Every structure is written in structure tokens, then in C-alpha cells.
Amino acid sequence: MGRQERHTGARRRLLTALIGAGAAAVALVVALICTLPGGGVSTRGTTPDGGSVHGTPATPSGAPRPDVGWGFTHTQYSADEGSDAATARVEGLLSGTGLPQNQHIMGWGADNPEPVRGHYDFGDLDRRIDFVRRSGGTPVITLCCAPDWMKGGRAGVGATDWSQAALETAPTPDHYQDYAALAATVARRYPDVRHFIVWNEFKGFWNDSAGRWDYEGYTKLYNLVYRALKRVDSRIMVGGPYLVMDSVGPRGDEDASTALRGPWGAMDKRVLDAFDYWNRHRAGADFVVVDGSSYTKDDDLLPDEFGATDKFTAVSAWVRKQTGGLPLWWAEYYVEPADGSDDRDGWSEDHRVAAQAAGMIALVKGGATSGFYWNPEERQGPGCPGCLWTPTDSADGGRALPMYDLVSRFSAAFGPGTRYRTVPVFGADAARLRVLATGTTVLVVNTLDRAVTARVDGRPLTLKPYGVTWLRR
């Protein structure tokens, strides 16, 4: 769902123009050599010992649990780079919160981890994991995407194709075992990472001829990775399938499910088929992972942007039922449709935060226990719609924004194992408020673009337009 950004520090090398009568023959020889690991392929800056423990791993407190709570995913730009003052400011924000932080092994800020078979480059991933450790976060790694040589591309440092189409290509079946070996190498390198998500949104697993997901291929890859990680450490927690829970309009779509639908639309039955196959054939799972948006594939918010979040509740409850109650994670969740550039900046920040809060409440009501906000940090300011903090490129950056307040407070108040309470809500607009409560905390969201007066949990409240209010009980 999130923008597929390439790593800006990597560039695909271009062959020098070949001149003369033998140019075609020389080009053929070069192409052949580049397919052979170690045969003329650059391994500059890599190490054959990728599985060596990096840095000083944090000491996990107790046995890992299969749910981690509410946090965020690092994307192309994040607080591990920038001004020292700004990055330190973000570390200070995060310190003591324990927010889970998710990072992909390739793309979204990380270079190709294995540009040549058996030769590793974990520099970017090391830096991100170091940041998670310094800021006291719970590290999570998403095992996506795959080095080019595993998917029909070229091997070699500097040879990576960072186009979206290439990045979103899955390993070929003959390299599934190679990818599982890479996953195991990552797990050995970062022994304090106890939670791994396998792949991202079935990227590259669409079967064009059949017009459906290649769920057999994904499940085979998943099972190999699952077993490889468990061989490294049986305590490692592994989950999938990270399917996009796409929905369509409730009428007139041949792919609309008749089993899972509501005022928000109908689930794409091809997604449910893929989930069902993975669920029946998985080697195991410690938690289940999905992602998706409240709006349909056509960007329709049904019946409106807040009512649409009821999809999160319905889908979450369905997934929990199918898996027999496995802890449910949402790797990404979106409530604001993107424009043609994949930017989400059409709403005011108050509107955006209110819709996100309503979405998170809906996830919890469906049984989700963990979720990751896709953090769209910009390279530079001043504007940064939906960001958790201001850009860290300047010494004045790294300051908390309203979305950070929501995510961090939600994480603290509604972590795994929380027991929820029902509180009375009265007033003419009571039905337009979204409320989530525990024995000590109440979160109230005004879904209207005007001020609202109501009585919540026995106390009078006036909420500003799209106001998000926290109460202590």
C-alpha cells in the first residue's frame, strides 16, 4: 500500500557503450559473466559473514509475545539520518515509550542486503536497527524485498534495479530457499529482533493467466522462511501473509464477496481465497498480518470517511475467526485516499488525525492487537502531512507532530492485553462520536467538522471540529 521507494544511495550501473565490430560479442560475454557469482561481478563493500552479530543487541525482557502493540514503520527517510540535534530529539521522543518499529530488509531506506550470492551489505539495515535500539523500541523486521539475482536480474554491487516494477518482483521458485537462507542470516545478525513478517502485500505473486493471487507460491516461500527462522531460534515469532484486504463497491462487481460485506463495500473474494489457502497450508504462524485501507479499490469512502473505518472492524473479526484467534497485526492501515503521486495531503491535520484515531479504534474493536503507522517522513520541510515528527534534515527538526501524539498515546493506553470498558455517551450528536475506553483512559473522537457538545462517561465535553480528546477515569 505504501509508496514503493527505492534507496537513493544505490544506482543501477550502466555498461559503457561498446564500440567496434565485436561489440555485440563482448556484450554477450559480459552478460554471461554477470550471471556467475564471483565471476566479474562487483562485491565491493560486502562481507561473506553477514550472519555475525551486529553491534550490541538489546536484551529482551522475558520471552517474546506474539503481539507487540501499536507503532510505526520506517520508510525511505527516517530519523536515523539527518542533523545530529534532530535525530537526538526523535530518540528522546521515543525513549521510554517502547514503540514497536518496523523496517524492511530491502527498499524503504535499506540497500540490497545480498547483491551477490553469499556477499552481504547490511550497512543501511544496521543503521536502522541501531536507531531502534538507541530509542528503546521493539524491533520488527519485514522480510521484503528480494535481491535481483533471486528474481532474474543482475548480481553485483551497484547493479540493483530500483524501479518499482523490479522491487515488487518476487523471488523465482528456484530461489525460494535462497531467500529463506537470507532471512536466517538476518535473524542471526540481529538476535534481539524476535518478530518477523514474511514478505509484503504478495508483491510479485499475482497470477496473470488465472486472474488471481499465486497463493501457492507465496505459501511455499512463507513455509520455507518460517522453518528457517525457527531453526535459528525457536522463540522467534513469525507471521504472514501481509495480504492487502481490498474491498470493492457493494454492487455490480464480479469480484465482490457475498460473505464479507457491509455499508463500507464488499471484500474482494480473490483476497479471501488467498487468505484461506495460506491459512490452511501454512507451516505455522505466531501471529497473522494483513493490511489495507478503509476505502475501496476505487478510492470510495462508504458511506463517508468515518463510516468506512467500520471495514477494519469487520475484516479484523473475520480474520480472527478464520485463524482461531491468532494475534492480529495490521502492517499498514490507511483512511485517506492518495493522489496520483501517492501523497495523502488533501485533508487538514485535525481531519487526518481524527480519521486515523477512528480507524485505530475500529481495528481494536475487531480484535487487532498490533499495528504499524506508515510514517511518511519527508526529506525536508516545512510541510509534512501525516508525519510523526518534523523532518530531521535541519537542527530544528525532529519535533513531535499531532500524529505522533495520537500513535504514542494510543500505544500506551491500548497495548496488548488491554481490557476494554463501555462508557455512556449522551447528546444530540452522540452517534457521531467514536469512543474507546479502559478502566483508566477514554479516547473520544469527534467525526464532525463542527464543534460538538456531549456527555461522555458522566462528564460534559465540548469537542472542537474533528477533535480528539483523552480523558482520565
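Residues take their numbers from the sequence shown, with the count starting at 1. Note that the coordinates shown come from a computational prediction; the quantities given were computed from them, not determined experimentally.
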K.L.:
Are the aromatic rings of Y77 and W108 close, with centres under 6.0 Å apart?
P.N.:
no
K.L.:
Measure from the side-chain N and O atoms of T97 to the backbone N and O of L93, and report whether any donor-acceptor pair falls under 3.5 Å.
P.N.:
no
K.L.:
Answer yes or no: is there a donor N or O on one side and an acceptor on the other, between the side chain of K203 and the main chain of C145, under 3.5 Å?
P.N.:
no
K.L.:
Ring centroids only, cut at 6.0 angstrom: are F410 and W70 within range, meaning strictly under it?
P.N.:
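Centroid separation for F410 and W70: below 6.0 Å.
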K.L.:
Measuring from I105:CD1 to T142:OG1, what's the distance to the nearest 0.5 Å?
P.N.:
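These two atoms lie 9.5 Å from each other.
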K.L.:
Distance-only, no hydrogens or angles: does the D343 side chain make a donor-acceptor pair with backbone N or O of D345 under 3.5 Å?
P.N.:
no
K.L.:
Checking side chain to side chain contact (heavy atoms under 4.5 Å, CB included) for the pair I141/I197: CA distance, chi angles, key distance, verdict?
P.N.:
CA-CA 6 Å; I141 283 181; I197 301 172; over 6 Å; no
K.L.:
Between F312 and W330 (judged by ring centroids, cut-off 6.0 Å), do the two rings come close enough to count as a pair?
P.N.:
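Ring centroids of F312 and W330 are less than 6.0 Å from each other.
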K.L.:
Is R127 paired with D130 through a side-chain N to carboxylate O contact shorter than 4.0 Å?
P.N.:
no
K.L.:
Indicate yes or no for a side-chain donor-acceptor contact from R344 to the backbone of E336 under 3.5 Å, with no hydrogens or angles considered.
P.N.:
yes
K.L.:
Just checking F72 against F372, ring centres under 6.0 Å apart?
P.N.:
no
K.L.:
Nearest 0.5 angstrom please: M360 CE to R434 CZ, how far?
P.N.:
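Interatomic distance, M360 CE to R434 CZ, rounded to 0.5 Å: 14.5 Å.
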K.L.:
What about the rings of Y242 and W329, do their centers lie closer together than 6.0 Å?
P.N.:
no
K.L.:
Once rounded to the nearest 0.5 Å, what's the spacing between atom CG of L243 and atom CH2 of W199?
P.N.:
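L243 CG to W199 CH2: 14.0 Å, rounded to 0.5 Å.
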K.L.:
Can you check whether F287 reaches L328 side chain to side chain, under 4.5 Å on heavy atoms?
P.N.:
no
K.L.:
Do the charged groups of D286 and K230 touch, with an N to O distance under 4.0 Å?
P.N.:
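Yes, this pair counts.
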K.L.:
Taking D161 for its side chain and S163 for its backbone only, find out whether a donor-acceptor pair lies under 3.5 Å.
P.N.:
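Side chain of D161 to backbone of S163: a pair is present.
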K.L.:
So does K464 pair up with D350, basic N to acidic O under 4.0 Å?
P.N.:
yes
K.L.:
Could you tell me whether a side-chain N or O of R419 sits under 3.5 Å from a main-chain N or O of G439, the two making a donor and an acceptor?
P.N.:
no
K.L.:
With distance as the sole test, does S370 use its side chain to make a donor-acceptor pair with the main-chain N or O of G69 at under 3.5 Å?
P.N.:
yes
K.L.:
Going through the distances and angles, do H351 and D449 end up as a side chain to side chain donor-acceptor pair (under 3.5 Å)?
P.N.:
CA-CA 8 Å; H351 190 178; D449 62 355; over 6 Å; no
K.L.:
So that I can tick it off, tell me whether R189 and D126 are bridged by a salt bridge, with the cut-off set at under 4.0 angstrom between side-chain N and carboxylate O.
P.N.:
yes
K.L.:
Distance check, rounded to the nearest 0.5 Å: R432 atom CZ versus T447 atom OG1?
P.N.:
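Going from the CZ atom of R432 to the OG1 atom of T447 covers 4.5 Å.
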K.L.:
Verify whether the ring centers belonging to W278 and Y222 lie closer than 6.0 Å.
P.N.:
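Here the rings of Y222 and W278 have centres that are less than 6.0 Å from each other.
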K.L.:
Is the closest side-chain heavy-atom distance between D393 and S83 below 4.5 Å?
P.N.:
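D393 vs S83: side chains apart.
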K.L.:
Please check: side-chain N/O of S293 versus main-chain N/O of Y295, any donor-acceptor pairing under 3.5 Å?
P.N.:
yes
K.L.:
Atom CG of D80 and atom OG1 of T87: how far apart are they, to the nearest 0.5 Å?
P.N.:
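D80 atom CG to T87 atom OG1 measures 8.5 Å (nearest 0.5 Å).
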K.L.:
What do the steps show when you test V435 against L443 for side chain to side chain contact (heavy atoms under 4.5 Å, CB included), and what is the final call?
P.N.:
CA-CA 6 Å; V435 179; L443 170 60; over 6 Å; no
K.L.:
Would a line drawn from the ring center of Y277 to the ring center of Y215 be shorter than 6.0 Å?
P.N.:
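Ring-ring flag for Y277/Y215: true, centres closer than 6.0 Å.
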K.L.:
Take F202 and W213 through the ring-ring contact (aromatic ring centres under 6.0 Å, His included) test and state the conclusion after the steps.
P.N.:
CA-CA 8 Å; F202 268 46; W213 292 108; 5.7 Å; yes
K.L.:
Show, in sequence, the C-alpha distance, side-chain angles and deciding distance for E114 and H119, and conclude whether the side chain to side chain donor-acceptor pair (under 3.5 Å) test is met.
P.N.:
CA-CA 6 Å; E114 192 179 2; H119 293 267; over 6 Å; no
K.L.:
Please lay out, stage by stage, how R128 and D124 fare under the test side chain to side chain contact (heavy atoms under 4.5 Å, CB included).
P.N.:
CA-CA 6 Å; R128 287 280 167 96; D124 291 329; 5.9 Å; no
K.L.:
Go through the structure and list residues passing ring pair (Phe, Tyr, Trp, His ring centres under 6.0 Å) with F122, not counting sequence neighbours.
P.N.:
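If we apply the ring pair (Phe, Tyr, Trp, His ring centres under 6.0 Å) test to F122, skipping adjacent residues, the hits are Y120.
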K.L.:
Among E377, E81, R89, find the one that has a side chain to side chain donor-acceptor pair (under 3.5 Å) with T392.
P.N.:
E377
K.L.:
Any side-chain heavy-atom pair from D148 and M106 closer than 4.5 angstrom?
P.N.:
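Sidechains of M106 and D148: in contact.
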K.L.:
Once rounded to the nearest 0.5 Å, what's the spacing between atom CG of L99 and atom CG of L388?
P.N.:
9.0 Å
K.L.:
Scan side-chain atoms only and decide if T441 and R472 contain a donor-acceptor pair under the 3.5 Å cut-off.
P.N.:
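The answer is yes; a qualifying pair exists.
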K.L.:
Do any N or O atoms from the side chain of S135 and from the backbone of V132 form a donor-acceptor pair under 3.5 angstrom?
P.N.:
yes
K.L.:
If only side-chain N and O atoms count, and only distance matters, is there a donor-acceptor pair under 3.5 Å linking K297 with S247?
P.N.:
no
K.L.:
Give a yes or no on whether the backbone of G50 and the side-chain of T47 come within a donor-acceptor separation of less than 3.5 Å.
P.N.:
no
K.L.:
Could you check if a side-chain atom of F275 sits within less than 4.5 angstrom of a side-chain atom of P241, using non-hydrogen atoms only?
P.N.:
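Result yes, sub-4.5 Å side-chain heavy-atom pair found.
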